[in-house]
Amino acid sequence: MRRRLSLKMPELPEVETIVCSLRNPADRAFAEGQSLRERPGIVGRQVAGARLNWAKTLALPDWQQFQQEVTGQTVQAVTRRGKFVVIPMGTNTLLFHLRMSGDLRVEPQDAAEQKHDRLLLDFSDGTRLSFNDPRKFGRAWWATDVQSVLGDLGPEPLDEGLTGQEMYARWHRSSRAIKTLLLDQSLLAGVGNIYSDEALFLARIHPLTPGNCLTPVQAEALLAGVRQVLHEGIERNGASIDWVYRGGDFQNYFRVYQRTGEPCTVCGTPIERRVIGQRSSHFCPHCQSFTGCS
DNA sequence: CACGAGACCTGTTCGC
DNA sequence: TGCGAACAGGTCTCGT
């Protein structure tokens, strides 16, 4: 069954997809007739000016200082940390958090500004980076010390050095529901509401299981589940990406998320929805039965 | 300190 | 059709 999400889904895979599209895409195929200046990569481009349409979008510093310091800087790289987009430029770094509805586009400067464009950087080559964010939750930082913004983030789930043992130690310290712990960015960076539900389903763990009730085996399975759904998300989001239309189709492959009442793909039991930690949570009551706490 | 509720926002969908 | 309520991918702050 097809289901539509009204907006983008800026969890880790979506951010990863955007970051990839903002890198210099020397290794990507282009549509025929697409001119050089329309290519999305921004590495090496120099900022000629900036515009801010919603004051709160710029978290730090104040607008005047930002405008002064960013002008003339050159984009050195585009990377990701958790759900943050990280863009080193000279001695400072520009960071974005897309929150619920943010998006970043690259386009020619003569393209019409779009509704909800909050922060725009004009490059000297005639292109522009636009931060669009309908709900105004997104934020940008211009920081000398990147750690002042990213310092509290937990490890990267896709970092191969991260072990289930390490996550067991982190989750086991708390009695909060594992669903809530998965969303805690200081324990593990990048997992959001969709992928937490999907990962718990793959690991066959009930979302209300207290962290200190998890077994080492379950923690191992959960980290594996997180990695699997993130990889799937990155693949699906990337599948239909060509920078003109950036809309993945992972939403058509959800196993539990937004499938309330529909049959579990494994056992057929109707998927349940309930609110945990103020977030909607979806799970199979049969496959993810609560195993108790010893 | 841990936890839950409320705040921040706009747009879309649902139910009457 | 119209209209208000409910809901949405995230995180911070404040009160208990």
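A quick note: this is a predicted structure, and the numbers were derived from the prediction, not measured. A, B, ... follow the sequence lines: proteins, then strands. Residue 1 opens every chain.
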Watson-Crick or G-U wobble partner of dA2(B), both distances under 3.5 Å: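 Because both required distances fall under 3.5 Å, dA2(B) counts as paired with dT16(C).
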message: Checking base pairs now: Watson-Crick or wobble, both atom distances under 3.5 Å. What partners dG4(C)?
response: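 For dG4(C), the partner nucleotide comes out as dC14(B), under the 3.5 Å rule.
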Side chains of Arg45(A) and Thr127(A), donor plus acceptor under 3.5 Å: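 Yes, Thr127(A) and Arg45(A) have a side-chain donor paired with an acceptor closer than 3.5 Å.
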For [X] versus [Y], what's the shortest heavy-atom pair and its separation?
X         : Y         : result
Leu94(A)  : Met89(A)  : CB-SD, 4.2 Å
Pro207(A) : Phe283(A) : CG-CD2, 3.6 Å
Pro10(A)  : Gly102(A) : CG-O, 4.3 Å

Would you please confirm or rule out a distance under 4.0 Å between OP1 or OP2 of [N] and any side-chain N or O of [X]?
X         : N       : value
Arg273(A) : dA8(C)  : yes
Arg176(A) : dC3(B)  : yes
Ser186(A) : dT11(C) : no
Gln185(A) : dG10(C) : no
Lys136(A) : dT10(B) : yes
Ser196(A) : dG9(C)  : no

If I pick the [atom1] atom on [M] and the same atom on [N], what distance separates them, to the nearest angstrom?
N       : M      : atom1 : answer
dA7(B)  : dA5(C) : P     : 16 Å
dC14(C) : dC9(B) : P     : 15 Å
dG9(C)  : dC3(B) : C1'   : 23 Å
dC7(C)  : dA5(B) : P     : 15 Å
dG11(B) : dT1(C) : P     : 23 Å

Tell me which nucleotide among [options] gets nearest to the side chain of [X].
X         : options                  : value
Ser175(A) : dC3(B), dG10(C), dA8(C)  : dC3(B)
Trp54(A)  : dT11(C), dC3(B), dC9(B)  : dC9(B)
Lys115(A) : dT11(C), dA8(C), dG11(B) : dG11(B)
His116(A) : dG10(C), dA8(C), dT10(B) : dT10(B)
Lys56(A)  : dC8(B), dC12(C), dC3(B)  : dC8(B)

Could you give the [atom1]-to-[atom2] distance, from [X] to [N], as a whole number of Å?
X         : N       : atom1 : atom2 : answer
Leu187(A) : dT11(C) : CG    : P     : 13 Å
Gln258(A) : dT12(B) : CD    : P     : 16 Å
Arg139(A) : dG9(C)  : CZ    : P     : 18 Å
Arg81(A)  : dT11(C) : CZ    : P     : 13 Å
Phe131(A) : dC9(B)  : CZ    : P     : 14 Å
Leu95(A)  : dT11(C) : CG    : P     : 14 Å

With sugar-phosphate meaning primed atoms plus P, OP1 and OP2, does [X] contact a base, only sugar-phosphate, or nothing at under 4.0 Å between heavy atoms?
X         : result
Arg173(A) : nothing
Arg279(A) : base
Thr180(A) : nothing
Gln278(A) : base

query: Arg128(A) pairs by side chain to side chain donor-acceptor pair (under 3.5 Å) with which of Gln109(A), Glu113(A), Glu107(A)?
result: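 Between Arg128(A) and the candidates, side chain to side chain donor-acceptor pair (under 3.5 Å) is satisfied uniquely by Glu107(A).
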message: Pair Phe131(A), Phe96(A) - check ring-ring contact (aromatic ring centres under 6.0 Å, His included), show working.
response: CA-CA 9 Å; Phe131(A) 179 57; Phe96(A) 288 98; 5.1 Å; yes
message: Using a 5.5 Å cut-off between ring centres and planes within 30 degrees, is Phe137(A) stacked on the base of dT11(C)?
response: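 Here Phe137(A) fails the 5.5 Å or the 30° condition.
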- request: Measure the distance from the SG of Cys293(A) to the SG of Cys213(A) and say whether it is below 2.5 Å.
  value: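 A disulfide is present here, as the SG pair of Cys293(A) and Cys213(A) is separated by less than 2.5 Å.
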